Amino acid sequence: MASRIKQVTNHLSGTEMSAELWQDVPLAPPDSIFKLSAAYKADTFKDKVNLGVGAYRDNDNKPWILPVVKKATSILLNDETLDHEYLPITGLAEFTSAAAKLILGPNSPALTENRTVSVQTISGTGANHLGALFLSRFYKFNGPPRIYLSNPTWANHHAILRNVGIEPVEYAYYDPKTIGLDFTGFLDALKNAPDRSVFLLHACAHNPTGVDPTPEQWKSIAEVIGTKKHYTFFDCAYQGFASGDLDKDAWAVRYFVEQGLPLLVCQSFAKNAGLYGERVGALHVVSRDQETANRVKSQLSVLQRSEISNPPSHGARLVSLILNDEGLFAEWKADIRTMAGRIIEMRTELHRLLTEELKTPGNWDHIVNQIGMFSFTGINPEQSKALVEQAHVYLTTNGRISMAGLNSHNISYFARALDGVVRG
């Protein structure tokens with residue numbers, strides 16, 4: 001009997017079964033951001049600084065649970081009418097309708113004319129995936145399926161598109177010479193792309209550069225998109241978090257809707273509500289009429305059902321409560337201003353340290369001109385590597401830093417370290 005077991009074992013470990021046992025699966029590289037976080041946690045240096053992860057931290061470098069979220073959580077915990085039953089396939093209706101009003105505006109024609117489809121998703125990542133999956137099935141691409149992405153963009157955009165059979169194509173966006181927007185290159189890409197191309201645009205607080213078009217530039221962008229009959233795929237992960245003003249940060253999306261441009265919007269509440277782990281998001285598809293919207297909703301429901309069946313309820317209930325209660329909504333806006341205001345203060349102080357106190361070589365105005373959680377410092381990969389290895393300052397190799405990782409305790413240390421690598 002023992003010899004027979006050994007015989008079977010040897011057979012299973014042989015080449016005949018290699019496909020089933022996954023020996024030939026290639027080892028994937030670790031995610032660069034999470035690898036950076038792991039290295040930071042393992043570092044015992046007392047003055048280490050983590051500027052890699054896009055998550056808000058308070059002035060003591062601690063995760064901040066928004067006071068309004070604490071209050072909403074308490075309300076839900078004491079609501080005896082709530083249960084753990086499945087939500088509808090498209091999510092909690094009170095959440096999706098309020099989320100649509102938040103990004104599109106309560107008086108948006110896309111809402112008053114009942115031509116917007118809103119589906120609850122697994123945060124902004126899930127919204128990007130569902131939106132891309134829908135386009136892969138139903139959009140009439142002018143040529144091979146492809147979507148234009150800004151160079152650079154959120155790294156996950158490339159993987160999300162390729163996973164649904166859409167090839168990402170880059171368009172000019174960031175100008176390393178000015179550390180600002182390559183507006184001419186951007187417009188040229190829009191003009192030169194085949195008619196009816198799909199362009200993914202960051203609605204505000206561009207990730208990773210922090211460089212946004214001005215309202216006048218947005219108008220020019222919209223004009224070309226309309227002329228070329230392009231489709232706009234908006235990704236909005238930072239509404240309110242960028243400027244501290246929810247309406248201001250939604251300006252581009254609302255302007256495109258007013259111009260009658262076809263579009264969808266991916267929306268996340270990870271940053272602006274501090275609900276990173278709750279995965280609360282929504283996909284909004286603006287259609288031309290109600291009948292078309294009904295068709296779109298039917299197909300989004302089929303796609304959602306096959307992937308997650310039903311979205312989770314807790315985070316959606318929290319956000320729904322905040323958005324639909326006048327008092328809680330006012331408190332949330334105050335919390336948003338607290339987060340955005342602290343980041344703006346860090347930008348101002350870093351700029352002051354570099355330009356006035358340290359007199360670091362170069363122009364550092366981009367630090368205060370950029371917006372949102374991230375800033376492209378303009379340093380090269382070698383300088384970024386030196387910051388990590390010599391100063392224990394953790395940032396991505398492209399020089400992007402999370403402004404939320406800076407505080408009154410570490411900003412001077414970081415400024416001196418940055419000054420050091422710039423001077424060489």
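Keep in mind that what you see is a predicted model, and the values were worked out from it rather than measured.
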- Message: Tell me if the CD atom of E223 is crowded by more than 12 foreign heavy atoms within 6.0 Å.
- Response: no
- Item | Check: P30 main-chain N/O paired with K35 side-chain donor or acceptor under 3.5 Å | no
- Taking side chain as C-beta onward, heavy atoms only, is Y148 less than 4.5 Å from H230? no
- Query: Are Q299 and F134 close enough that some pair of their side-chain heavy atoms sits under 4.5 Å apart?
  - Reply: yes
- Item | P213 and F183, any side-chain heavy atoms less than 4.5 Å apart | no
- For the pair D175 and K177, find out whether any cationic side-chain nitrogen is under 4.0 Å from an anionic carboxylate oxygen. yes
- Query: In this structure, which one of F234, F199, F233 forms a ring-ring contact (aromatic ring centres under 6.0 Å, His included) with F256?
  - Reply: F234
- Task: Among D235, D212, N207, T153, find the residue that satisfies the side-chain hydrogen bond (donor to acceptor under 3.5 Å, both in side chains) test when tested with H202.
- Result: T153
- Message: Any non-hydrogen side-chain atom of F374 less than 4.5 Å from a side-chain atom of Y238?
- Response: yes
- Message: If we count only N and O atoms by modelled type, under 3.5 Å, do the side chains of N398 and T396 hold a donor and an acceptor together?
- Response: yes
- Salt-bridge test for R295 and E291: reply yes if a basic N is under 4.0 Å from a carboxylate O, no otherwise. yes
- Indicate yes or no for a side-chain donor-acceptor contact from Q304 to the backbone of Q120 under 3.5 Å, with no hydrogens or angles considered. yes
- Task: Determine yes or no for a side-chain-to-main-chain donor-acceptor pair under 3.5 angstrom, with T116 supplying the side chain and A110 the backbone.
- Result: yes
- How long is the gap from CD1 on I179 to CD1 on I379, to the nearest 0.5 Å? 10.0 Å
- Got a sec: does the NZ of K71 have more than 12 other heavy atoms crowding it under 6.0 Å? no
- Query: Any luck finding a side-chain donor-acceptor pair between H392 and D47 under 3.5 Å?
  - Reply: no
- Going by heavy atoms in the side chains, are T338 and R342 under 4.5 Å from each other? no
- Would you find more than 12 non-hydrogen atoms of other residues, nucleotides or ligands less than 6.0 Å from K297 atom NZ? no
- Query: Would you find more than 12 non-hydrogen atoms of other residues, nucleotides or ligands less than 6.0 Å from F138 atom CZ?
  - Reply: yes
- Task: Report yes if some heavy atom in the side chain of T292 is under 4.5 Å from a heavy atom in the side chain of R115; otherwise report no.
- Result: no
- For atom OH of Y86, decide whether the heavy atoms of other residues, nucleotides or ligands shown that lie under 6.0 angstrom number more than 12. no
- Query: Is a side-chain donor-acceptor pair under 3.5 Å present for H284 with Q267?
  - Reply: yes
- Message: Is the distance between the ring centroids of Y40 and Y394 under 6.0 Å?
- Response: yes
- More than 12 non-hydrogen atoms from neighbouring residues, nucleotides or ligands closer than 6.0 Å to CG on L82, yes or no? yes
- Measure from the side-chain N and O atoms of N363 to the backbone N and O of D365, and report whether any donor-acceptor pair falls under 3.5 Å. yes
- Rounded distance [0.5 Å steps], NE2 in H129 versus OG in S136: 8.5 Å
- Message: Within the 4.5 Å heavy-atom criterion, are S243 and I371 side-chain neighbours or not?
- Response: yes
- Task: Would you confirm whether R347, through its side chain, and I367, through its main-chain N or O, come within 3.5 Å as a donor-acceptor pair?
- Result: yes
- Side chain proximity check, L201 to W218, heavy atoms < 4.5 angstrom: yes
- How many angstroms lie between atom CG of L51 and atom CG of L36, to the nearest 0.5 angstrom? 9.0 Å
- Message: Please determine whether a side-chain nitrogen of the Lys or Arg among R352 and E349 lies less than 4.0 Å from a carboxylate oxygen of the Asp or Glu.
- Response: yes
- Item | Nearest-0.5 Å distance that lies between atom OG in S118 and atom CG in L111 | 7.0 Å
- Task: Drop me the distance from L323's CG to L318's CG, to the nearest 0.5 angstrom.
- Result: 10.5 Å
- For Y139, check side chain to side chain contact (heavy atoms under 4.5 Å, CB included) against everything at least two apart and list the hits. L135, F141, R196, V198, Y231
- For the atom pair CG (L102) and CG (D249), what is the distance rounded to the nearest 0.5 Å? 10.0 Å
- Message: Tell me every residue that passes salt bridge (Lys or Arg N to Asp or Glu O under 4.0 Å) with R400, counting only those two or more places apart in sequence or in another chain.
- Response: none
- Message: Between S375 and Q370, is there a side-chain donor-acceptor contact under 3.5 Å, judged purely by atom types and distance?
- Response: yes
